[in-house]
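Everything below concerns the one structure shown next.
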Protein chains: 2
Amino acid sequence: MWTLLGVVAGALTSSGYLPQIVKGFRTKRMDDVSVLMPGILGVGMLLWLAYGIHKEDVPIILANIAGSTFAFTIVAQKYCYRCCKDPAD
Amino acid sequence: MWTLLGVVAGALTSSGYLPQIVKGFRTKRMDDVSVLMPGILGVGMLLWLAYGIHKEDVPIILANIAGSTFAFTIVAQKYCYRCCKDPAD
């Protein structure tokens, strides 16, 4: 029961980044998104991953593998859309 | 040592929202930010909070109290700046 709660919590705190990834992909605009947010969250999730491995806590491990991957995807999108933007805009 | 790692991880995954809060406060623009992202992450962190309380894991509890508070702050900012925007913009 508690492991299931952890898995649902982990599914939310990792999939929560997807709407931002999809929105960024559609609009190719992320000017209002602070790059520090997904950057700091991504590094933090890597540390949670180490913590989860030490505690042998599967929900923590899975959530932070997925979450950090998505967070760094947002960082990459932010830089890509800034660099690729038409300078005439 | 591992508790310290958890505290540092928690400090990052909660304070990571602050740059977005500050950026939003300064620019009063959050058009490119998906409201679903902080919304889903905030709900997920409330579930992690319950999980942490069950596991009596202090780093998880502290990180998710702070993190969910900041995430819901971003949701509130998003709605506030949209409603308060000058319609002539």
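The figures here come from the full heavy-atom set of this structure, side chains too, leaving out hydrogens, waters and symmetry mates.
Two different hydrophobic clusters hold Phe72(A) and Met45(A) under the rule that ILVMFWY side chains link at heavy-atom gaps under 4.5 Å. Taking hydrophobic clusters as Ile, Leu, Val, Met, Phe, Trp and Tyr residues chained together by side-chain heavy-atom distances below 4.5 Å, Val22(A) does not share a cluster with Phe70(A). Taking hydrophobic clusters as Ile, Leu, Val, Met, Phe, Trp and Tyr residues chained together by side-chain heavy-atom distances below 4.5 Å, Leu5(B) shares a cluster with Leu46(A). Both Ile53(A) and Ile65(A) belong to a common hydrophobic cluster when Ile, Leu, Val, Met, Phe, Trp and Tyr are linked at side-chain heavy-atom distances under 4.5 angstrom. Tyr17(B) and Tyr79(B) fall into different hydrophobic clusters, where Ile, Leu, Val, Met, Phe, Trp and Tyr side chains are chained together by heavy-atom contacts under 4.5 Å.
Looking at every heavy atom in both residues, Tyr51(A) comes nearest to Pro59(B) through OH-CG, 3.7 Å. Taking every heavy atom of both residues into account, Gly16(A) and Ile40(B) meet most closely at CA-CG2, 3.6 Å. A pairwise comparison of heavy atoms in Gly6(A) and Trp48(B) identifies O-CH2, 3.7 Å as the closest pair.
Asp57(B) touches chain A through its side chain: at least one heavy atom from C-beta onward sits under 4.5 Å away, while N, CA, C and O do not. Residue contact with chain A, scored on non-hydrogen atoms closer than 4.5 Å, is absent for Leu49(B). Proximity to chain B (any heavy atom under 4.5 Å) is shown, for Ile60(A), by both the backbone and the side chain. Heavy atoms closer than 4.5 Å to chain A are found in the side chain of Ile74(B), but not in its backbone. Proximity to chain A involves both the backbone and the side chain of Ala50(B), based on heavy atoms less than 4.5 angstrom apart.
Here Val33(A) is the residue among Ile21(A), Val33(A), Leu36(A), Leu18(A) with the most heavy-atom pairs under 4.5 Å with chain B.
Tyr81(B) and Asp32(A) are not linked by any side-chain donor-acceptor pair at a separation below 3.5 angstrom, with hydrogens and angles left out of the test.
Proximity of a side-chain donor or acceptor of Gln20(A) to a complementary backbone N or O of Ser34(B) within less than 3.5 Å is detected.
By the 4.5 Å heavy-atom criterion applied to side chains, Met1(A) and His54(B) are not counted as neighbours.
Just one of Thr13(B), Leu12(B), Val7(B) meets the side-chain contact (heavy atoms from CB on, under 4.5 Å) condition when paired with Leu47(A); it is Leu12(B).
A salt bridge is absent between Asp31(B) and Arg29(A); no separation between the charged side-chain nitrogens and carboxylate oxygens falls under 4.0 Å.
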